[in-house]
Amino acid sequence: MKALLPFLLCASLSAAEPAAAPPNPTALSPKDVIVALSARQYPDAASREAAIVQAALADLDAVKRSPSPMTGWTAQLLLKAGRKEEGLAIVRAYMGERIKEAKVRMANLEKRRKDGTNVPFPLPNGKEWGEPHVNGFGLWSMVNVYMRYHDQMDAALKADFQWLFTNNTSWAGSTGNLSFLIPLNLYLTEQIWDPKLLPVDGRYGARGQGALKMFDKRIAYTATRGSPEFASRPYMIYNIGTLLSFDNPYTDKELARRAQMAYEMSIAHAAGTWLNGNWATPAGRSYPGFVTQAPTGCADMLWTYFGGKTPRLGGNTTAVFAVAEPWRPSPLIVKAATDRTNPYVHRSRFDGDRTFQTSFVNRTYALFSTATTHAPTGRKTSIWGQTYPYGVMFDQPAGDCASLCWLTVPCYDDRPLTNYTPGVNSRFAEYLQHRGSLLLVANNLTDPANKPKVRADIKGHRPFSTDAWYALAYVPHGYLAMVNDSEATGRVFLDYGSVLIAFSASQPFKWDPAAPVFAGKGGFHPKDSEFRVFGKDVAIAMETARPDEFPGATPAARLAAFRAAILARTKVAVATVTGGEGPVAKGSYVDRFGTKLEKTFQGEATIDGQKVDYDRWPLVDNPWIHQEWEGNMRITDGVTERLYDVKNWTITERKVGGK
């Protein structure tokens with residue numbers, strides 16, 4: 001692929017029409033080129049990469065004005081192709097803005113110090129970080145460009161790099177991604193420039209060896225326990241994309257090799273839940289809660305590798321990162337991401353040793369959830385606010401309709417800061433999934449001690465508040481048929497053309513399909529809706545099916561057949577039982593196949609009376625990929641198998657059954 005990139009770049013803006021280009025691209029405005037490229041579908045990796053490159057080049061004016069870290073990889077595409085001045089123009093513009101921001105912050109700091117209003121950020125060594133605070137994501141972008149292409153930079157630009165990196169004092173990072181990315185920036189900075197020019201680091205002491213130990217630990221953790229913030233659309237790239245940054249002239253080659261292997265295993269981990277542009281897996285930290293099948297954020301990176309519905313292309317997408325970096329997935333990983341001939345179950349683990357993910361992938365849709373277990377010494381809960389709740393993603397060709405329908409007990413039901421979502425409040429709700437059926441059990445929602453708190457919203461948005469918690473479901477616009485039995489029987493039936501969905505609640509509730517979503521700006525589409533189920537203890541099931549399982553002359557007829565099967569064979573109930581801390585809710589659901597799901601809140605989960613064995617849950621398992629928790633990974637298509645040895649850090653391939 002390295003050899004192809006210069007050709008793709010040179011061909012993209014020439015009069016000749018590349019395979020991925022719309023008719024006569026030179027006659028279109030840059031915006032129209034991007035719109036046309038984004039509207040097309042691409043059958044293979046080569047055509048996707050050509051489209052990514054052309055869209056990035058059409059977007060260069062916007063790239064020069066953008067603070068996005070992906071700017072650095074658009075510049076690298078140009079520099080790699082020999083288009084030096086265009087690439088360096090982007091770098092100069094980006095660096096100029098970061099330096100301007102830094103100098104403003106330095107001046108503000110000095111002013112606060114003079115007037116006595118400065119509140120320092122303390123360090124363990126008693127010192128303070130000070131200013132300028134430079135965005136760590138942006139520093140990562142630029143240090144990558146510098147260490148790979150500094151030989152093409154003039155003295156003035158090199159001096160700008162040295163000033164920004166050696167004057168920066170904001171080397172602290174508290175989130176999962178920044179706690180890895182910022183020390184990497186710092187380590188590379190001191191490898192490139194004289195360490196004596198840098199501020200004293202308050203976190204890693206002498207840096208150097210301390211940082212290397214942390215890198216080794218994080219790389220090993222990613223390979224054996226999964227990536228932190230896995231499936232996070234905003235942040236996954238900063239957890240795993242950084243692993244490719246170890247391939248540089250300043251870092252040990254063995255460390256770089258291990259880091260790339262961990263990156264590859266993370267992409268393989270994601271492959272089993274990729275469905276034609278939908279990334280149908282629980283997210284460790286992600287938002288917004290209203291997503292379309294066209295990928296966004298880090299899903300663009302997976303689209304580059306695996307295909308599916310095309311995202312909006314341009315110069316600031318993670319697709320640019322994926323095409324600019326030389327790594328490409330093994331055909332075995334691509335098969336795991338694209339072979340959807342038969343339905344299957346994908347199991348995984350990430351974001352802690354007590355969370356267990358399930359995705360049921362069924363050709364045109366996938367149902368997904370996370371189950372949790374608790375330490376035997378007491379109640380352990382987590383509140384996953386910055387993530388979309390669990391439910392079903394499905395093929396949705398309409399670009400103005402969301403492709404995700406979910407069910408939760410919300411952490412909050414407003415928009416308190418930015419594009420947070422209602423999240424998953426596991427203090428009150430837990431899940432159990434078996435193939436295409438998902439059971440939510442909500443416990444003790446009406447206890448006065450648990451009354452939702454009304455919080456001040458910095459954007460002036462009125463919080464949704466009641467005297468109790470409740471289960472909440474998001475119903476995106478775009479269904480072809482619907483039956484609303486919510487007030488009569490606690491049931492709702494939906495046909496989206498690619499999936500049939502039945503909601504069954506343990507008590508009646510009210511759903512008004514014409515009422516908009518409360519949080520945010522009404523969901524993804526103004527006609528999106530939602531419903532709430534109130535009660536002390538609540539059980540709600542989502543059962544799914546492919547529409548071709550219930551033939552009908554119209555969507556309404558098809559949905560009627562599905563509804564009849566659900567009403568004839570299923571049953572949902574909630575009861576109070578004795579738990580470890582007193583009375584707790586126990587939910588049960590019998591699906592249309594007669595399988596019985598039972599879940600006791602913060603207690604046992606059973607399928608047809610058999611206890612679900614979470615102690616032996618794999619790190620990843622589907623028909624192509626298997627890896628035990630802290631074990632080796634195996635990928636196979638039945639003919640060839642690819643083995644990842646996490647002890648010796650080797651990747652080998654062999655024929656199945658061979659030596």
Calculate, to the nearest 0.5 Å, the distance between atoms CG and OG1 belonging to D395 and T364 respectively.
5.5 Å

Answer with yes or no whether the side chains of D528 and H477 bring together a donor and an acceptor at under 3.5 Å.
no

Quick one: does any side-chain atom of E549 pair with a main-chain N or O of R546 as donor and acceptor, under 3.5 Å?
yes

Do any N or O atoms from the side chain of N622 and from the backbone of I625 form a donor-acceptor pair under 3.5 angstrom?
yes

Could you tell me which non-hydrogen atom of Y470 sits nearest to which non-hydrogen atom of P410, and how far apart they are?
O-CD, 3.3 Å

Taken to the nearest 0.5 Å, the spacing of H346 NE2 from L275 CG works out to 12.5 Å

Over 60° means perpendicular and under 30° means parallel, so tell me whether F230 and F350 are parallel, tilted or perpendicular.
tilted

Using atom types as modelled and distance alone, determine if a side-chain donor or acceptor of T554 lies under 3.5 Å from a backbone N or O of A557.
yes

With a 4.5 Å limit on heavy-atom distance, are the side chains of N177 and F137 in contact?
yes

Between Y390 and Q433, do the side chains contain a donor N or O and an acceptor N or O under 3.5 Å apart?
no

Under 6.0 Å between ring centres: does that hold for F368 and W406?
no

To check you understand the geometry: which heavy-atom pair defines the closest contact between A55 and L313, and what is its length?
CB-CB, 3.5 Å

Taking only residues two or more places apart in sequence, or in another chain, which ones meet S498 in a side chain to side chain donor-acceptor pair (under 3.5 Å)?
none

Which is it for N316 and T71 under the side-chain hydrogen bond (donor to acceptor under 3.5 Å, both in side chains) test, yes or no, and what are the steps along the way?
CA-CA 6 Å; N316 292 312; T71 295; 3.2 Å; yes

Under 4.5 Å between any side-chain heavy atoms of F321 and S141, yes or no?
no

side-chain contact (heavy atoms from CB on, under 4.5 Å) between W617 and R347, worked out:
CA-CA 8 Å; W617 203 266; R347 294 186 295 164; 3.4 Å; yes

Interatomic distance, M633 atom CE to H269 atom NE2 [nearest 0.5 angstrom]:
7.0 Å

Does the D495 side chain pair with the main chain of M482, one donor and one acceptor, at a distance under 3.5 Å?
no

After noting the C-alpha distance and the side-chain angles of T310 and W303, does the key distance pass the side-chain contact (heavy atoms from CB on, under 4.5 Å) rule?
CA-CA 7 Å; T310 306; W303 176 81; 3.7 Å; yes

Quick check: does any side chain N or O of S369 sit under 3.5 Å from a backbone N or O of Y431, one acting as donor and the other as acceptor?
no

R328 and E49: salt bridge (charged side-chain N to carboxylate O under 4.0 Å, His left out), yes or no, with the steps?
CA-CA 11 Å; R328 296 294 182 270; E49 293 187 13; 2.8 Å; yes

Step by step, work out the ring-ring contact (aromatic ring centres under 6.0 Å, His included) result for W327 and Y305.
CA-CA 10 Å; W327 183 88; Y305 300 143; 5.1 Å; yes

Considering non-hydrogen atoms only, spot the tightest contact between V492 and S486 and give its length.
CG2-CB, 4.1 Å

At what distance, to the nearest 0.5 angstrom, does OG1 of T370 lie from CD of Q357?
4.0 Å

Could R349 and F356 be counted as a cation-pi pair, given that NZ or CZ must be under 6.0 Å from the ring centre and within 45° of the axis?
no

Closest non-hydrogen atom pair, A268 against I635:
CB-CD1, 3.8 Å

Are the side chains of S359 and V345 in touch, meaning some heavy atoms are under 4.5 Å apart?
no

Tell me, yes or no, whether the heavy-atom count around R312 atom CZ, taken from other residues, nucleotides or ligands under 6.0 Å, exceeds 12.
no

Let's go through L559 and V483 carefully: what are the C-alpha distance in whole Å and the side-chain angles of both, what is the deciding distance for side-chain contact (heavy atoms from CB on, under 4.5 Å) to 0.1 Å, and is it a yes or a no?
CA-CA 8 Å; L559 188 63; V483 177; 4.0 Å; yes

Does some side-chain heavy atom of L597 sit less than 4.5 Å from a side-chain heavy atom of I607?
yes

Identify the two heavy atoms, one from S403 and one from Q396, that lie closest to each other, and give their separation to 0.1 Å.
CB-CB, 3.8 Å

Hey, can you tell me if Y238 and W140 have their rings parallel, tilted or perpendicular (30° and 60° cut-offs)?
perpendicular

T318 side-chain N/O to M301 backbone N/O, donor-acceptor pair under 3.5 Å
yes

Is there a donor-acceptor contact under 3.5 Å from the side chain of T636 to the main chain of T640?
yes

Do F290 and Y474 make the cut of ring centroids closer than 6.0 angstrom?
yes

Interatomic distance, OH@Y344 vs CZ@R340, rounded to 0.5 Å, equals 3.0 Å

Check the side chains of T296 and R233 for a donor-acceptor pair under 3.5 angstrom, ignoring hydrogens and angles.
yes

With no hydrogens and no angle check, is any side-chain donor or acceptor of Q41 less than 3.5 Å from a backbone partner on G307?
no

Between the side chains of Y644 and R642, is a donor N or O closer than 3.5 angstrom to an acceptor N or O?
yes

Verdict with supporting geometry, D591 and E543, side-chain contact (heavy atoms from CB on, under 4.5 Å)
CA-CA 7 Å; D591 69 16; E543 185 164 352; 3.4 Å; yes

Looking at side-chain heavy atoms only, is the closest gap between C411 and P422 below 4.5 Å?
no

Interatomic distance, CD@Q54 vs CG@L37, rounded to 0.5 Å, equals 4.5 Å

W629 backbone acceptor or donor facing R225 side chain under 3.5 Å
no

Contact check, side chains of L407 and P389, non-hydrogen atoms, under 4.5 Å:
no

Could you pull out all residues at least two apart from V499 that satisfy side-chain contact (heavy atoms from CB on, under 4.5 Å)?
Y365, V392, F394, Y496, I501, T544

Exercise: do R491 and S504 side chains pair donor with acceptor under 3.5 Å:
yes

Under the 3.5 angstrom rule, does the side chain of T570 hit a backbone N or O of L567 as a donor-acceptor pair?
no

Show, in sequence, the C-alpha distance, side-chain angles and deciding distance for R218 and N239, and conclude whether the side-chain hydrogen bond (donor to acceptor under 3.5 Å, both in side chains) test is met.
CA-CA 10 Å; R218 180 67 168 266; N239 285 281; 2.6 Å; yes

Is the closest side-chain heavy-atom distance between F493 and D485 below 4.5 Å?
yes

Heavy-atom closest contact (M393 atom, A280 atom, distance)
SD-CA, 3.7 Å

Evaluate the ring-ring contact (aromatic ring centres under 6.0 Å, His included) criterion for residues F531 and F503: first the C-alpha distance (whole Å), next the side-chain angles of each, then the deciding distance (0.1 Å), finally the verdict.
CA-CA 11 Å; F531 62 76; F503 285 101; 5.1 Å; yes

State, with a plain yes or no, whether a side-chain heavy atom of E264 is found less than 4.5 Å away from one of I651.
yes

